[in-house]
Amino acid sequence: MASTALLWFRDDLRLGDNAALRAAAGADALVCLYVLEEEGVRPLGGASQWWLANSLRALDAALREKGQKLILRSGNAAEIVPALADEIGASEVFWNRRYGPAEKIDGQVTRALKQRGIEAKTFAGALLHEPDAIKGSTGAAPKIFAPFWKRLRAAGDPPAPIRAPSKWPSTKRVASDDLADWSLEPTKPDWAGDMRDAWAPGEDGARKRLHAFVDGALSTYADSRERADRDGSSRLSPHLRFGEVSPTQVWHAAKHALDAPAKERPSPASVDKFLAELAWRDFAHHQLRAYPKIADENMRDQFDRFPWSEERKGFTAWTRGQTGYPLVDAAMRHLWAEGWMPNRLRMLTASFLIKHLLSDWRRGEKWFWDTLVDADPANNPTNWQWVAGSGIDSAPYFRIFNPVTQSEKADPDGDYVRKWVPEIAKLPAQFLTAPWEASPMELEEAGVRLGKTYPEPIVDHKEARERALGALKKMTGK
Ligand SMILES: Cc1cc2nc3c(=O)[nH]c(=O)nc-3n(C[C@H](O)[C@H](O)[C@H](O)COP(=O)(O)OP(=O)(O)OC[C@H]3O[C@@H](n4cnc5c(N)ncnc54)[C@H](O)[C@@H]3O)c2cc1C
């Protein structure tokens, strides 16, 4: 009897290095499905919805070239997947495993399929190594990154990526939702213009981005990843978030660069640093698995006593890039426009919100969740808790970034600030970090009226620092 396979795409919107797809393509007929899940997973924020719509469109186009199409359904996956498997007479359902709260849904789907006599076949594909493969001396995965990274390295290179299927089975006629009916993209107002210019969602865009990075910025990654004024990092995060490229493909591409002729070869330090950052992604997924409520609850419950401020004005100024600290404002405006900002600026803006404004990290996490194109259920809360000091592996709370000195390091010539905060662009470079230090004449010449055309700093750095340390004392009682 001819076999029919159902392939369930999730956060793996690619044809290459997709073990579930390769296996499913061995059937006589194949149906490819994506479910917009409305239960059991965190609903996507606005910028990620925009990304998803474009990524699904790209995946559907790639599938159509192979004689397939992407079937769209929305609702509860635990009901939709078994029902569709029944409808098409599938004998097997294939997917790549995911980790964290979503595992519960996958368990429900597996059980519902079993009741119908249908087999669920699952594969690795989301991380460099499966969570159970990385264990410390206690048998559990290390909760601190340094030993985690040591273990991950000791596990060796992840398996080499596999190619997309070379032969494709036929498909079946199945009803699909219309992507437009999901309303994932903004219309009035259409705020996604800068995102369209900045990004190319989909597997092709991911591949191009990876090649450009490996041939370019990887060579100086160790030094330039922290610079705001350079394209110093890979910008692969949204592509990785939606699985348009696998971490394994990225790992091997970066390592392969070391085989290039000496002149083109990146420094081993840069490759090593990049691989370690990629491993942070695996680490964050381990954290999400161990703390499913990581976006809602402090990992260190001591922080439940932290005297957060409920004040709204400062929070609003932060979201709008109107704090009066140019690098913070530039980064927040960059985030709003393109749905992304470099890692150093994520740390700076998060620190500013949590420590200078004493705002609960969860408010900021939610804002990032809504505005980042790479908003990731593991990476986002893990990193917010890292900055807040409430994470198991985290920067101590008393480490408070100085927005002025950070600016001098990350954007020494002020190019990034000039781009995103044009109202102060005409100031001499030395005042772009701290416009309030310019003389009235210098301000006037640059057309800047502090408090009118650009805000005065909403808090004084020194005073805010003392206040934050005082709040910490209140929490610890020391
Ligand atoms: C407050 C805060 C919130 C963050 N929220 C997210 C988020 O929602 N989604 C997200 O992907 N990253 C998040 N990060 C981590 C990091 O800032 C981004 O992954 C990185 O800036 C993306 O740029 P890139 O692709 O050029 O990174 P590269 O430096 O080129 O790194 C390559 C890849 O490694 C992974 N990676 C790098 N740094 C980290 C890290 N610290 N934690 C986890 N994975 C990492 C990402 O997948 C990244 O694409 C956050 C960091 C902070 C401080």
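Note: hydrogens, waters and symmetry copies are ignored here, and every other heavy atom, side chains too, is used. All of these numbers come straight from a predicted model, not from anything done at the bench. Indexing begins at 1, ligand by ligand and atom by atom, following the structure's order.
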Chemist: Just let me know how Trp386 lines up against ligand 1, side chain, backbone, both or neither, with a heavy-atom cut-off below 4.0 Å.
Modeler: neither
Chemist: Which of the numbered atoms in ligand 1 are under 4.0 angstrom from any heavy atom belonging to Ala375?
Modeler: 8 (O)
Chemist: Just going by heavy-atom distances, which of Trp280, Phe213, Tyr221, Phe145 is nearest to atom 31 (O) of ligand 1?
Modeler: Tyr221
Chemist: Measuring from atom 41 (N) of ligand 1, which candidate in Asn383, Val373, Asn379, Thr371 has the nearest non-hydrogen atom?
Modeler: Asn383
Chemist: Mind checking whether Phe283 has a heavy atom under 4.0 Å from ligand 1?
Modeler: no
Chemist: Does only the side chain of Trp340 get under 4.0 Å from ligand 1, or the backbone, or both, or neither? Count heavy atoms.
Modeler: side chain
Chemist: Whether Arg230 and Asp415 form a salt bridge (side-chain N of Lys/Arg under 4.0 Å from carboxylate O of Asp/Glu) is what I want to check.
Modeler: no
Chemist: Considering only NZ, NE, NH1 and NH2 on the basic side and carboxylate oxygens on the acidic side, decide whether Arg467 and Glu463 come within less than 4.0 Å.
Modeler: no
Chemist: Judging by distance only, is a nitrogen or oxygen of Phe368 under 3.5 angstrom from one on ligand 1?
Modeler: no
Chemist: Decide whether the shortest distance between a heavy atom of Arg241 and an atom of ligand 1 is less than 4.0 Å.
Modeler: no
Chemist: Any cation-pi pair here, Lys355 with Tyr397, using under 6.0 Å and within 45°?
Modeler: yes
Chemist: Just jot down the side-chain contact (heavy atoms from CB on, under 4.5 Å) partners of Asp11, sequence neighbours excluded, or say none.
Modeler: Arg241
Chemist: Any heavy atom of Arg235 sitting closer than 4.0 Å to ligand 1?
Modeler: yes
Chemist: I'd like to know if Arg97 pairs up with Glu103 as an ion pair, taking the criterion as any Lys NZ or Arg NE/NH1/NH2 lying under 4.0 Å from an Asp or Glu carboxylate oxygen.
Modeler: no
Chemist: Knowing that exactly one of Phe368, Trp361, Trp367, Trp369 qualifies, which makes a ring-ring contact (aromatic ring centres under 6.0 Å, His included) with Trp384?
Modeler: Phe368
Chemist: Please check whether Ser234 reaches ligand 1 - meaning an N/O of the residue sits under 3.5 Å from an N/O of the ligand, judged on distance alone.
Modeler: yes
Chemist: Among Glu277, Gln385, Arg281, whose heavy atom sits nearest atom 37 (C) of ligand 1?
Modeler: Glu277
Chemist: Does any N or O of ligand 1 fall below 3.5 Å from an N or O anywhere on Asp376, backbone included?
Modeler: yes
Chemist: For ligand 1, which part of Phe274 has a heavy atom less than 4.0 Å away: the side chain, the backbone, both, or neither?
Modeler: side chain
Chemist: From atom 17 (O) of ligand 1, work out which of Asn343, Leu372, Val387 has a heavy atom at the shortest distance.
Modeler: Asn343
Chemist: Is it true that Glu365 and Arg42 make a salt bridge, defined as a side-chain N closer than 4.0 Å to a carboxylate O?
Modeler: yes
Chemist: Tell me if the centroids of the rings in Tyr325 and His461 come within less than 6.0 Å of each other.
Modeler: no
Chemist: Assign the ring pair Phe274 / Phe213 to parallel, tilted or perpendicular, where the plane angle (0 to 90°) is split at 30° and 60°.
Modeler: tilted
Chemist: For Ala284, state whether at least one heavy atom is located under 4.0 Å from any atom of ligand 1.
Modeler: no
